[in-house]
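Naming convention: chains lettered A, B, ... in sequence-line order (proteins, then strands); numbering from 1 in each chain.
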There are 4 protein chains.
Amino acid sequence: MNKVILVGRLAQDPEVRYTQSGKAVASFTLAVNRFGGGQGQNNADFVPVVAWEKLAETCGNNLTKGQRVLVEGRLQIRSYEANDGQKRRIAEVVAQTIEFLERKQASSSDAGNIDVNSFGKDVFPDEEIPF
Amino acid sequence: MNKVILVGRLAQDPEVRYTQSGKAVASFTLAVNRFGGGQGQNNADFVPVVAWEKLAETCGNNLTKGQRVLVEGRLQIRSYEANDGQKRRIAEVVAQTIEFLERKQASSSDAGNIDVNSFGKDVFPDEEIPF
Amino acid sequence: MNKVILVGRLAQDPEVRYTQSGKAVASFTLAVNRFGGGQGQNNADFVPVVAWEKLAETCGNNLTKGQRVLVEGRLQIRSYEANDGQKRRIAEVVAQTIEFLERKQASSSDAGNIDVNSFGKDVFPDEEIPF
Amino acid sequence: MNKVILVGRLAQDPEVRYTQSGKAVASFTLAVNRFGGGQGQNNADFVPVVAWEKLAETCGNNLTKGQRVLVEGRLQIRSYEANDGQKRRIAEVVAQTIEFLERKQASSSDAGNIDVNSFGKDVFPDEEIPF
DNA sequence: TTTT
DNA sequence: TTTT
């Protein structure tokens with residue numbers, strides 16, 4: 001069991017890239033507010049999120065900065081070599097499902113579809129994220 | 001909502017330290033095996049976990065390397081200044097509950113208490129971890 | 001581990017009652033939409049939810065029919081004797097935390113607090129729900 | 001989001017049945033111990049669990065009464081007509097993933113595979129359970 | 001109806 | 001850096 005469930009807002013628009021084999025990868029940072037915690041000036045965790053393939057494309061097409069979403073996924077720790085030759089570790093959430101908790105932009109006529117919208121179910125990709 | 005649920009094995013014995021104000025903090029790395037994923041030589045995520053106060057002490061007293069546990073907590077992203085003066089981010093799971101999924105060492109007489117053992121419920125501490 | 005996480009809409013206003021000892025208990029039904037599932041006429045699970053004490057009062061004061069919330073709790077199976085003398089079982093979610101995913105009614109001046117709002121953490125009460 | 005995560009022991013061996021169209025359905029009751037709760041004589045929730053298709057067969061072949069497992073699934077509320085013609089509701093967890101937390105019976109030769117074993121990912125079936 |  |  002490796003399960004992460006986050007509710008937060010996109011801190012930026014998703015970036016969609018492609019691996020050498022053509023798989024889509026979306027990445028964005030999710031701002032997850034803390035409650036009851038330290039009440040400093042920037043009281044949130046900024047969590048890196050990645051999504052693959054069809055889910056990546058749906059992110060690219062439907063999500064924008066500031067939008068609130070629920071992300072379900074797994075916590076992945078990757079090693080990579082930094083510019084200075086040092087090995088570092090990065091944590092990120094690999095999204096398996098994303099639910100809209102609000103629409104991209106509130107149009108005047110969305111009475112029928114303001115419900116939660118769930119999409120995607122992505123699994124363990126075997127390629128590295130192209131950064 | 002910021003929820004993480006992991007099942008894995010301690011990659012090392014927990015280390016217990018104390019903040020300046022005397023709060024206990026336990027930290028350990030949890031090896032969470034991947035399934036269906038890349039089947040390389042080291043097919044696990046090594047996730048840093050911290051626990052505070054009473055839960056920290058219970059960790060120190062009851063957990064050892066190799067033991068399987070279920071950790072429920074939240075994902076925290078902290079900034080810190082590295083030795084080279086650079087700002088880096090570290091992700092860790094702040095444990096709220098830990099359940100034993102097996103005993104520290106199978107003694108010959110624990111027939112009655114091999115059940116899951118749940119302890120702790122720790123919340124948003126307002127001090128930094130003393131590294 | 002006994003964990004339930006639901007996102008849905010209140011199917012009715014919460015009812016708040018009191019035990020003989022004076023503890024508040026709120027109960028409501030949460031409509032949780034299904035996705036990818038059977039697309040019949042009533043495509044949702046109607047889940048009974050109860051909340052205790054302070055959390056119960058917050059529900060009574062802040063939640064209304066139709067409002068979208070995230071409920072975190074545990075699944076409880078209770079036995080009771082039905083009117084016909086038969087023993088039946090009822091399942092319900094005992095809420096531990098509830099997050100608003102939208103406001104009761106959008107007032108014109110909530111720019112600062114439209115964020116997710118989390119409240120409550122309630123535990124294993126030792127009294128029966130007064131039905 | 002409709003997510004349930006339970007750790008408990010099988011209260012009985014799974015029963016495997018088949019729908020008219022030939023889909024396998026396994027069902028069993030999971031005894032989930034309560035902690036911190038009422039400490040009466042039967043301090044557990046007995047939760048009905050169903051699994052479909054390949055996951056159902058794996059349950060039938062690998063799980064037995066008393067075994068500890070982790071079940072991830074969704075909470076489903078079904079209506080059915082009782083023998084007395086009354087309409088009743090039943091809650092059950094539709095399993096999506098099951099992890100072994102211990103082996104069926106410790107044979108002398110399972111040194112290599114005593115790890116957590118995860119299997120299955122089942123989705124919204126469109127047939128009724130054949131009771 | 002029930003697990004340990 | 002790492003568990004089984």
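R89(D) pairs by the side chain to side chain donor-acceptor pair (under 3.5 Å) definition with nothing, not counting sequence neighbours. In this view, D84(D) and R88(D) satisfy the side chain to side chain donor-acceptor pair (under 3.5 Å) rule, not counting sequence neighbours.
Distance, F100(B) CZ to dT3(F) P: 21 Å, rounded to whole Å. For D13(D) and dT2(E), the CG to P distance is 16 Å, given to the nearest whole Å. Atoms CG (L6(D)) and C1' (dT4(E)) sit 16 Å apart, rounded to a whole Å. Summarising the geometry, the separation between CG on N33(B) and C1' on dT2(F) is reported as 12 Å, rounded to the nearest angstrom. In this structure, R89(A) places its CZ atom 8 Å from C1' of dT1(F), rounding to the nearest Å. Look at CG on N43(D): it is 15 Å from C1' on dT2(E), rounded to the nearest Å. The CZ atom of R68(D) sits 22 Å away from the P atom of dT2(E) (whole-angstrom rounding). Whole-Å rounding puts the L10(B) CG to dT2(F) C1' distance at 11 Å.
Closest of all the heavy-atom pairs between F46(B) and I77(A) is O-CG1, 3.5 Å.
Comparing dT2(E), dT3(F), dT3(E) by their closest approach to the side chain of A11(B) singles out dT3(F). Here the side chain of A31(B) is nearest to one of dT3(E), dT3(F), dT2(F), namely dT3(F).
At dT2(F), none of the side-chain N or O atoms of R9(B) fall inside 4.0 Å of OP1 or OP2 (strictly under the cut-off).
Counting non-hydrogen atoms under 4.0 angstrom, G8(D) reaches nothing in the nucleic acid.
Remark: ring of F46(D) not stacked against base of dT1(E); the cut-offs of centroid gap under 5.5 Å and plane tilt under 30° are not jointly satisfied.
Under the 4.0 Å criterion applied to side-chain N and carboxylate O atoms, K23(D) and E57(D) are not assigned as salt-bridge partners.
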